[in-house]
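Only one structure is covered here, and it is reproduced in the block below.
Remember, it's 1-based here, ligands and their atoms both numbered in the order they're listed. For the single chain, residues carry numbers from 1 onward in sequence order.
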Amino acid sequence: MCGIVGYIGQKQAYPILLEGLKRLEYRGYDSAGVALQQDHEGRLAVIKAKGRIADLEAMTAGRDLSGTLGIAHTRWATHGAPNDVNAHPHADMSGKLAVVHNGIIENWSALRQLLEQEGVKFRSETDTEVLAHLFARAYKGDLEKAVQEGLREVRGAYGIAVIHADRPDVLVAARNGSPLIIGVGEGEYIVASDASAIIEHTTNVIYLEDREMATLRRDGLRTSTVDAIPTHKEVQQVEWSLEQIEKKCYPHFMLKEIMEQAESLSDSMRGRLDAETGEVVLGGVRDVSKQLTHARRVILTACGTAWHAGLVGEYLFEDIARVQTEVDYASEFRYRNPIIDEGTIVIAISQSGETADTLAAVREAKLKGALCLGIVNVVGSTIARETDAGVYLHCGPEIGVASTKAFTSQLVVLIMTSMYLGRRRHLAPYHAREIIKGLQAVPDLVRHVLKLNDAIRDVAARYKDCPNWLYLGRGYNYPVALEGALKLKEISYVHAEGLPAAEMKHGPIALITEGMPVVFLANKGLQYDKVLSNMEEVRSRGGHIIAVATEGDKEVARLAKHVVSVPDVPEPFQPILNVVPLQLLAYHVAVMRGCAVDKPRNLAKSVTVE
Ligand code: AGP
C-alpha cells in the first residue's frame, strides 16, 4: 500500500523525507514524490515521478530542496495508472496546498463531478486529487479547519498529510482506515504510515485513531476528531525492530499477507456492493456492460494460482451467470488456435499483470476479435492496459512469491463479476442480495479461520518430513485442492498433487502408503457423501487424512486424523475459507523445513518470460 512521510521542525525536511520513503519501500510502490514549503516563492516545490525513489532523487539533482516543512509519498496505484501526473503529492489549482494520501476515497467520482462543475480543473486520474481541491475550496487561512471541512464531504479510507505554502508553521494529518503515526521529537514531528520511517529519529510516538487528526507545529501538537472534538493522546514507545516493522512483526511477508486477508478482502469489495439493490458496481467494466450482457461464452485464462482461481470462476460463472464457461492455461490457449466467435469474452486473471503467457493469451484473443477483460492487482500493468476493460483486485502489493491474498481477492472479484453478468441476464435481485450478504460476511469468517494458525502449525510439525502429499476435493473445492498442493510444492519443495477426489480410483490411489498425508476438502455440500466415501478408501489403505470440514461435523472427525473446522457457508464461498488453512499449512511446513519462504528457489514473483 502507499507510504506517507511528513516532517515539520528545525532541520532540512528533504533528507528526512527521502530516507523515510526508503524505509517504506517494502510496502510496494510504483511512483514517488515530495512537496516542500519554501518561504521565498509562496508556492510549494513539488517533485514527483513514476518509478523508484532513486529516479526521484535523480530528478531533484540541482533543485532547491531547502525547507523545514514537507510531505512525501510512495504510491501503490489504486485509481489511475502509475505515471508522473498520478504520483503524489497532489496540489490544488493554485499550487499552494498539497496532500499525500493512503487509502481509497469511495465517493471520489461524485466529488470530482461537483468540483468540476465549480470550475476545478483536474490534472490526474486519482481519487486523491479530490482532497487537494476540497481542502483548498474550504481554506480561509486556517489549514486545520479547511481539512476538517473538506473531510466532511469524504467517504472512504484515508491516511493523509497536508501542507500549505502560506502556512510554514503547520502540518495537518488525519486518518480513517489507513494507519498513521506521529513521531514526537524535540521541536519537530514526523508523520508516517508506519514506524519504520520514524524509528531512526525517535521511538516516542502517538498513534492516531480512525477519524482523528493532528495539527503539528514546531512548538507543539493538537489532536482532535475530524469533527473538531479535542482528543488527548499519550506518547508511547515503539518496541519493534525496523526489520519487524517492515513485515509488521511477521517473520515473512507471506505470513503477513495470509494474515491480512480479512482486510484485503474488504478492500477488494469496498464500494462495489450495494446490499439494498443487489447491484455490483464495477466501474472498470461499465463501458463494455452491453457486450457482457450479450456474452454467450466466457474463457478464463491464467497461469499458476490465478489459473486455479479461474477454475473456481468456471463454477461461479455457470452457477451465477448461467453462461457457458471454460478455463485454459494461458500457455496452452495462446498456441492452440482457439475458436473465438461473436459473444466470446476472454478474461485474463493475473496478480502481477505481467505474466508473459497470460499477456500472449490476451493478444491472441484480441487478434481473434474477443472482448478481453483483465482481473489484475497491479494498476497500470501491461495486461491491465492491453485488455479492453477489467476489475482491479485492490488487495495491495503482494510481496511473497507464493500468491495468497491475491488468490482470495481473485475469488471475490470473480463472484462479483459473475453477479455483474448474472444481473444483466436472469439473476434476480433477491438472489443477488443474498450473495452480497454472504460476501459481506466473508472477511469476518476469514478472521475466524485465521485463529486456527496454531493448530495448523501442529499438523505441519507432524507431517513436515513426509515426501509426498495428496490434496483432494470435489466441485468448488477441486481447484482448492490444486491450490493447496501448489502452495506446499512451491515453498517447501515437497511433492504434492491436487486431484478431483473422484479421480483417486482411476489410478492415484495406488500411491497411498501407510502414514501418507492426504488433505481432503470435506465441507458439507452437494458431494459431501461422495467425499466421505473417498476418505474411507484412503483411510482403509493407511493414508492419514487431514480434513478441512464444516464446524461441528462428527462424521469427518471419525475418519480423519486431523480436522480443521471452518464455518458453514454455501459452496461458492467455501474456496475462500478453505484455502486459508492450506496456505498456513504450506507456510509452516516450509518454515520447519528451513526453506526461503518469501523467495523460494527457482521461482520469480512474476514470470515475465515464456
Ligand atoms: C503462485 O503462488 C505462483 N507464484 C505462480 O503460480 C503465480 O500464480 C503465476 O505465476 C501467475 O502469476 P500472475 O498472477 O502474476 O499472473
| When only distance counts, is Q351 in polar contact with ligand 1, meaning an N/O pair under 3.5 Å? | yes
| Taking only heavy atoms of S403, which atoms of ligand 1 are found under 4.0 Å from at least one of them? | 1 (C), 2 (O)
| message | Within ligand 1, which atoms have a heavy atom of S350 less than 4.0 Å away? | response | 13 (P), 14 (O), 15 (O), 16 (O)
| task | Please report which non-hydrogen protein atom sits nearest to atom 9 (C) of ligand 1, along with the residue it belongs to and the distance in Å to one decimal place. | result | C303 O, 3.8 Å
| task | Check the pair N468 / L511 against side-chain contact (heavy atoms from CB on, under 4.5 Å), numbers first and verdict last. | result | CA-CA 9 Å; N468 290 295; L511 290 171; over 6 Å; no
| query | For ligand 1, which atoms sit closer than 4.0 Å to a heavy atom of T305? | reply | 1 (C), 2 (O), 6 (O), 8 (O)
| query | Which protein non-hydrogen atom lies closest to atom 12 (O) of ligand 1, naming both residue and atom, and how far is it? | reply | T355 OG1, 3.5 Å
| Side-chain ion pair, D55 and R52, N-O less than 4.0 Å | no
| Contact atoms of ligand 1, heavy-atom distance to K487 under 4.0 Å | 1 (C), 2 (O)
| remark: The atoms of ligand 1 lying under 4.0 Å from a heavy atom of S352, numbered in the order shown, are 13 (P), 15 (O), 16 (O)
| Does the N or O separation between Q410 and ligand 1 drop below 3.5 Å for any pair? | no
| query | With a distance cut-off below 6.0 Å to the six-membered ring centre and an angular limit of 45° from the axis, does R593 pair with Y493 as a cation-pi contact? | reply | no
| note | Closest to atom 10 (O) of ligand 1 among protein heavy atoms sits V607 CG2, 4.0 Å
| request: Look at the rings of Y471 and W469 and say which category their plane angle falls in: under 30° parallel, 30 to 60° tilted, over 60° perpendicular. | output: parallel
| said: Between E398 and K405 (salt bridge meaning N to carboxylate O under 4.0 Å), is one present in this structure? | reply: no
| task | Start with the C-alpha gap between H308 and V579, add the side-chain angles, then the distance that decides, and say whether side-chain contact (heavy atoms from CB on, under 4.5 Å) holds. | result | CA-CA 11 Å; H308 296 151; V579 76; over 6 Å; no
| message | What verdict does the side chain to side chain donor-acceptor pair (under 3.5 Å) test give for T305 and E483, after you've listed the backbone C-alpha separation in whole Å, the side-chain angles of each residue and the deciding distance to 0.1 Å? | response | CA-CA 6 Å; T305 287; E483 175 58 11; 2.9 Å; yes
| message | I'd like to check W307 versus V327 (side-chain heavy atoms, cut-off strictly below 4.5 Å). Are they in contact? | response | yes
| task | Within a distance under 4.0 Å of any heavy atom of V401, pick out the atoms of ligand 1 and give their elements. | result | 2 (O), 4 (N)
| task | Check each atom of ligand 1 against the heavy atoms of A402 and keep those under 4.0 Å away; list them by number with element. | result | 2 (O)
| Protein heavy-atom partner closest to atom 3 (C) of ligand 1 - residue, atom, separation in Å | E490 OE1, 3.4 Å
| note | Taking only non-hydrogen atoms of A306 and a 4.0 Å limit, the atoms of ligand 1 in range are 8 (O), 14 (O)
| request: Check whether NZ of the Lys or CZ of the Arg R474 lies under 6.0 Å from the centre of the six-membered ring of F520 and within 45 degrees of that ring's axis. | output: no
